[in-house]
Enquirer: 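One structure, as structure tokens, below. Some questions next.
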Amino acid sequence: MSGGLDIALIQTRTPATADAALAHVEPLIREAAAGGAKFVLTPEGTNVLEQRRDRRDAAITTEDADVAVLGLRHLAAELGVWLLIGSAIVRSGHAGDSRAANRSLLIDAAGGIVARYDKLHVFDVHLPNGETYRESATVRPGDGAAVADTPWGRLGLTICYDIRFPHLHRQLAKAGAAMIAVPAAFTAPTGEAHWETLLRARAIETGAFVLAPAQGGLHEDGRRTWGRSTVVGPWGEIIAKADHDDPCIVKAKLDMEAVARARAAVPALTHDRDFLPAV
């Protein structure tokens, strides 16, 4: 594509209600669009970030009634940009299951929803510093991968903890993804240790751009997230990144032809072989 694709990652510190979240992220998206971005990506939990279940349940609603989702769809149409809502925490709509969906939504420049993806891998861990997370208690995991067409190439959708599962990213690349989104709310300990390494590894393995907008800082529910939103090129190089966890915009220009060059140089996506399982 002549001139490249101008993108912007929005790094946020999302509040605990959808109204406040929309007020928080909208000025950043407007600024990114005014600066020339044609594709804008926001982090995991763009509409609400609240891990205390009683407060979270009181704050969320269905996708079609969520104030932040509706507001961001209108904003994309007003600004004429494509927008990835990295994820919205919404009611899943599954009978008999009160857990929410952690759902990524790709919005086109007319405000339409082009693709949905519910987070496949939920974050159930006990960290060395004593922090414990049981996302499976409050989030119903999805059951399918998602790749969507954009004017600039195919986009693979993932969310946060999915980054630790390379087979998912390989499948997305084999389905034609030239870009893979990794919206996140990474914990501070795991972010400091693993964030950049994981992002670069997934880019190298797939020969795709990895676009990782992140939450950052101390949130209302007491959690601290790592920030450091990052754009990685298909050769594994860091193209742009934030060096802090405060709300900000990370801009980058993507040379989409770099994907073909990287995959031609190391065509690992075509070299799979069947093998006997380890025992």
Side-chain angles (χ1 to χ4, degrees), residues 1 5 7 9 39-44 46 82-88 101-108 113-123 135 139-186 194-214 229-239 252 254-274:
M1 186 179 113
L5 166 61
I7 70 162
L9 308 184
F39 183 26
V40 181
L41 302 91
T42 68
E44 180 180 28
T46 292
W82 280 62
L83 173 65
L84 180 76
I85 301 175
S87 87
N102 190 343
R103 180 170 297 158
S104 194
L105 297 164
L106 180 62
I107 313 301
D108 66 18
I113 297 176
V114 173
R116 294 174 174 84
Y117 166 74
D118 286 0
K119 187 177 183 179
L120 275 172
H121 302 99
V122 291
F123 191 54
E135 191 178 19
V139 170
R140 186 181 192 278
D143 55 14
V147 175
D149 291 318
T150 78
W152 312 281
R154 302 203 89 193
L155 174 73
L157 302 179
T158 78
I159 299 172
C160 201
Y161 190 48
D162 286 332
I163 194 65
R164 295 185 182 272
F165 299 86
H167 52 285
L168 169 60
H169 296 74
R170 187 174 186 83
Q171 193 279 333
L172 295 173
K174 287 194 164 194
M179 302 175 284
I180 298 176
V182 187
F186 243 65
H194 301 150
W195 174 242
E196 184 173 310
T197 301
L198 288 168
L199 295 175
R200 295 187 68 190
R202 297 298 86 83
I204 292 166
E205 291 164 355
T206 61
F209 286 99
V210 169
L211 315 178
S229 299
T230 302
V231 179
V232 187
W235 198 243
E237 74 279 21
I238 300 295
I239 294 175
L254 308 187
D255 172 10
M256 299 306 296
E257 294 178 356
V259 174
R261 293 196 298 269
R263 292 177 178 176
V266 182
L269 292 174
T270 68
H271 288 165
D272 291 281
R273 296 186 64 230
D274 293 331

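For the numbers below, each heavy atom of this structure counts, side chains included, while hydrogens, waters and symmetry mates do not. Keep in mind that this is a model prediction, so the values were computed, not measured.
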Enquirer: Using 0.5 Å steps for rounding, measure from the CG atom of Leu84 to the OG1 atom of Thr42.
Expert: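 The CG atom of Leu84 sits 6.0 Å away from the OG1 atom of Thr42.
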Enquirer: Shortest non-hydrogen contact from Val231 to Ile7?
Expert: CG2-CD1, 4.0 Å
Enquirer: Is there a donor-acceptor pair under 3.5 Å between the side chain of Thr46 and the backbone N or O of Ala88?
Expert: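 No, the answer is negative, given that no donor and acceptor are paired below the 3.5 Å cut-off.
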Enquirer: How far apart are the closest heavy atoms of Ala115 and Ala148, and which atoms are they?
Expert: CB-CB, 3.6 Å
Enquirer: Ignoring hydrogens, what is the shortest heavy-atom contact between Arg263 and Ala177? Give both atom names and the distance.
Expert: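 So the minimum-distance heavy-atom pair works out to NH2-O, 2.7 Å.
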Enquirer: Would you confirm whether Arg202, through its side chain, and Ile163, through its main-chain N or O, come within 3.5 Å as a donor-acceptor pair?
Expert: yes
Enquirer: Quick check: closest heavy atoms across Gly142 and Leu120, and the distance to 0.1 Å?
Expert: O-CD2, 3.2 Å
Enquirer: Does the side chain of Tyr117 reach to within under 4.5 Å of the side chain of Leu106, using non-hydrogen atoms?
Expert: no
Enquirer: Between Pro234 and Val259, is there a side-chain heavy-atom distance shorter than 4.5 Å?
Expert: yes
Enquirer: Starting at CG of Asp149, measure out to CG of Leu155 and round the result to the nearest 0.5 Å.
Expert: 10.0 Å
Enquirer: Could you tell me the separation between the OG1 atom of Thr206 and the CD atom of Gln171, rounded to the nearest 0.5 Å?
Expert: 12.0 Å
Enquirer: How many angstroms lie between atom CZ of Arg116 and atom CG of Leu105, to the nearest 0.5 angstrom?
Expert: 6.5 Å
Enquirer: Going by the salt bridge (Lys or Arg N to Asp or Glu O under 4.0 Å) test, which pairs reach into residues 155-171, not counting sequence neighbours?
Expert: Arg170-Asp272
Enquirer: As a test of understanding, state which of Ile180, Thr230, Leu254, Val232 forms a side-chain contact (heavy atoms from CB on, under 4.5 Å) with Leu211.
Expert: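 Per the side-chain contact (heavy atoms from CB on, under 4.5 Å) rule, the option paired with Leu211 is Leu254, out of Ile180, Thr230, Leu254, Val232.
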Enquirer: Ignoring hydrogens and geometry, is there a side-chain-to-backbone donor-acceptor pair from Ser87 to Ser104 under 3.5 Å?
Expert: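 Flag not set: sc Ser87 to bb Ser104 has no pair under 3.5 Å.
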Enquirer: Looking only at heavy atoms, which two atoms of Pro43 and Ala184 are closest? And how far apart?
Expert: CB-O, 3.6 Å
Enquirer: Picking from Asp118, Ile159, Leu157, what satisfies side-chain contact (heavy atoms from CB on, under 4.5 Å) with Arg103?
Expert: Asp118
Enquirer: State, to 0.1 Å, how close Arg200 and Gly236 come at their nearest heavy-atom pair, and which atoms those are.
Expert: NE-O, 2.7 Å
Enquirer: Run the ring pair (Phe, Tyr, Trp, His ring centres under 6.0 Å) test against Phe209 and tell me which residues pass, sequence neighbours left out.
Expert: none
Enquirer: With a 4.5 Å cut-off on side-chain heavy atoms, are Trp82 and Val114 touching?
Expert: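 Side-chain contact under 4.5 Å: yes.
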Enquirer: Answer yes or no: is there a side-chain heavy-atom contact under 4.5 Å between Leu198 and Phe186?
Expert: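 Sidechains of Phe186 and Leu198: in contact.
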Enquirer: Not counting sequence neighbours, which residues clear side chain to side chain contact (heavy atoms under 4.5 Å, CB included) with Glu135? List them please.
Expert: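 By the side chain to side chain contact (heavy atoms under 4.5 Å, CB included) rule, Glu135 matches Glu44, Asn102, Lys119, Val122, Phe123, Asp124, Val139.
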Enquirer: When rounded to the nearest 0.5 angstrom, what is the spacing between CD1 in Ile113 and CD1 in Ile85?
Expert: 7.0 Å
Enquirer: On the 0 to 90° scale, with breaks at 30° and 60°, tag the His167-His121 ring pair as parallel, tilted or perpendicular.
Expert: perpendicular
